[in-house]
Amino acid sequence: MNSSLFHRSLSGRRGLLLGAGLGAILAQVPAWARSGSAQHEHDPFTLGVASGDPQPDNALIWTRLTPPAHWLGQAEAPPLPALTVRWELAHDPAFRHIAASGQTQALPEWGHAVHVQVNGLAPGRHYFYRFMQGDAISPTGRCGTAPAPGSAVPRLRLAFAACQRWEHGHYAAWRSVVQDQPDLVLFLGDYIYEYAQPANAEGLARPQPLRTARTLQDYRDRYALHKSDPLLQAAHAVCNWSVIWDDHEVENDYAADQGVGDPGAFLARRMAAWQAFYENMPLRAGALQRSLQGLQLYRSLRWGSLAQLHLLDGRQYRSLQACRTPGKADSGSVHTDRCPELFDPAHSFLGREQEVWLGRQLQADSHHHPEAARWSVVAQTTLFTARRRPSGHQSTDSWDGYPAARQRLSQQIAEAAPHNSVLLGGDIHQNYVCAVPTLADRPPGAGNPVLASEFCTTSISSRSGTTQDKVDALRAHNPQVLLARCEERGYSLVDITPTTWRTQLRTVTNPLRADSPVTTLAQFAVEDGKAGPVEIGCKPAMDAVRQ
């Protein structure tokens with residue numbers, strides 16, 4: 001689509017949203033997160049600001065400049081040159097007490113994205129930051145540094161979320177996240193969707209005019225669309241985000257270097273998508289260590305003595321889905337009797353290098369290790385827990401399609417024996433709460449104890465594509481699944497202390513409304529030293545699964 005038409009469409013939608021009462025919605029957002037330079041003739045900060053992985057001694061702050069409206073889509077307009085961007089980081093939102101400041105270049109070859117690592121900061125502190133270009137001033141963001149390594153920490157609040165297809169729903173969930181004031185947001189994949197809007201689609205929350213993303217500019221436009229949402233911008237501004245990707249940042253169900261169609265065309269498309277991901281996410285320059293032959297996304301984050309978070313990459317290194325023809329879009333499900341490849345021990349979800357790395361990280365989480373954190377958290381893209389189907393069919397794109405790799409990870413957790421182990425996932429647009437057994441593909445019980453808890457969050461806005469009756473039937477066949485819901489959209493809110501992990505499943509009442517209320521569907525707790533989640537108020541029913 002012509003970029004100027006996209007810009008006019010975006011501007012018109014903003015006006016429509018504001019007319020529908022978005023101003024009242026944003027009044028619930030902290031004032032400092034709404035400040036900026038909208039009064040200027042050209043505001044280059046229309047995509048907002050963000051901060052990345054919290055570290056004890058530094059902060060990563062991000063923005064991306066947008067060109068003047070009259071330059072968009074104009075072939076005769078000069079290319080936007082490199083631009084000098086100033087930045088400030090302060091102890092207060094009024095920027096009276098500056099902690100650090102400087103300037104950097106926003107380069108056209110990187111989409112005028114700015115990634116600044118501010119070093120020399122104190123651990124366990126909050127800071128405010130902003131950017132300036134010319135006389136324009138960005139919105140203000142709030143970031144934090146992680147606690148000092150090994151320090152006693154009483155609490156960590158995090159929100160985790162995934163899957164925010166623009167057309168399928170408004171981002172009311174992000175308004176609720178802002179109100180929750182988390183220390184950290186974990187985004188577990190599908191930040192954008194590469195699809196064009198289906199023809200004659202009904203029941204959409206908000207149409208979008210973009211074609212299927214294939215080129216670098218296509219992907220840049222897609223991020224600009226999503227980041228135009230003021231509630232998403234406010235959620236980025238309120239705290240640090242740690243992000244990983246799934247498939248829709250490139251192409252549905254791709255696996256490593258395998259996509260649909262011509263292999264050369266797919267690799268060019270993947271390269272464009274990966275560059276756009278880096279440009280638009282608050283990632284450190286270290287993520288580029290492979291020079292865009294790949295991005296280094298798997299990593300570990302420490303939160304004092306309380307938690308160690310392991311973020312995984314489930315796309316870049318995985319084996320092709322079992323019984324899928326290379327170059328074809330036929331991943332989905334297979335019958336276990338007709339696909340022996342499904343059980344190939346060489347079949348890997350993470351890739352061997354990442355598997356080995358994760359094994360080392362988990363060993364450092366062992367309760368025998370003197371510096372081990374109280375909670376060992378594996379944050380990845382999809383549902384880890386096995387779901388056996390009476391039909392004998394198995395999904396090939398999820399962990400169900402990689403049972404040998406899943407058992408290797410279960411074995412790594414069992415051998416490391418952390419104080420407490422929790423897995424987080426997304427992707428399937430459903431809420432799942434599970435007790436993860438040692439033998440991952442067998443029901444928990446005598447001889448197969450529970451070794452971890454799992455919380456898989458529903459989507460921010462994307463539709464589920466199934467029915468509750470089907471999900472209920474699946475749950476009845478899998479005793480390790482304690483809760484399974486497909487009819488809600490939202491996110492999960494987690495409060496972690498040395499003694500308890502509590503997860504709230506937060507759900508949007510009406511995804512077709514930007515001002516929709518958000519309620520708590522259910523709450524589960526994990527007690528220190530007791531593997532497996534317990535629904536708050538329903539402990540006897542859940543204890544039966546632990547036996």
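Start at 1 with the first residue, then count along the sequence.
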*Answer yes or no: is there an ion pair linking Arg318 with Asp247, defined by an N-O contact shorter than 4.0 Å?*
no
*Is there a side chain to side chain donor-acceptor pair (under 3.5 Å) between Asp218 and Thr215 once you walk through the steps?*
CA-CA 5 Å; Asp218 289 341; Thr215 69; 3.2 Å; yes
_So that I can tick it off, tell me whether Arg315 and Asp397 are bridged by a salt bridge, with the cut-off set at under 4.0 angstrom between side-chain N and carboxylate O._
yes
*side-chain hydrogen bond (donor to acceptor under 3.5 Å, both in side chains), paired with Tyr298, selected from Gln361, Gln380, Gln354, Glu353*: Glu353
*Would you please name every residue forming a salt bridge (Lys or Arg N to Asp or Glu O under 4.0 Å) with Arg513, sequence neighbours left out?*
Asp515
*Hey, are Thr66 and Thr46 close enough side-chain-wise for a donor-acceptor pair under 3.5 Å?*
yes
*side chain to side chain contact (heavy atoms under 4.5 Å, CB included) partners of Pro56, counting only residues at least two apart*: Pro123, Ala146, Pro149
*If you measure only the distance, is there a donor-acceptor pair under 3.5 Å linking the side chains of Tyr432 and Thr385?*
no
*Can a salt bridge be assigned to the pair Arg270 and Asp257 using a cut-off of 4.0 Å between side-chain N and carboxylate O?*
no
*Show your working on side chain to side chain donor-acceptor pair (under 3.5 Å) between Asp53 and Ser242 and close with a plain yes or no.*
CA-CA 5 Å; Asp53 295 351; Ser242 293; 2.7 Å; yes
*Salt-bridged, Arg165 to Asp190, with N to O below 4.0 Å?*
no
_With Thr381 via side chain to side chain contact (heavy atoms under 4.5 Å, CB included) - residues at least two apart_ = Ile244, Asp246, Phe349
*Side chains of Arg284 and Gln117: do they bring a donor and an acceptor to under 3.5 Å?*
yes
*Do you see a donor-acceptor pair shorter than 3.5 Å between the side chains of Thr84 and Gln133?*
no
*Ion pair check, Arg86 and Glu88, cut-off under 4.0 Å*: no
*Determine, for Tyr193 and Arg463, whether the Lys NZ or Arg CZ falls below 6.0 Å from the six-membered ring centre while staying within 45 degrees of the axis.*
no
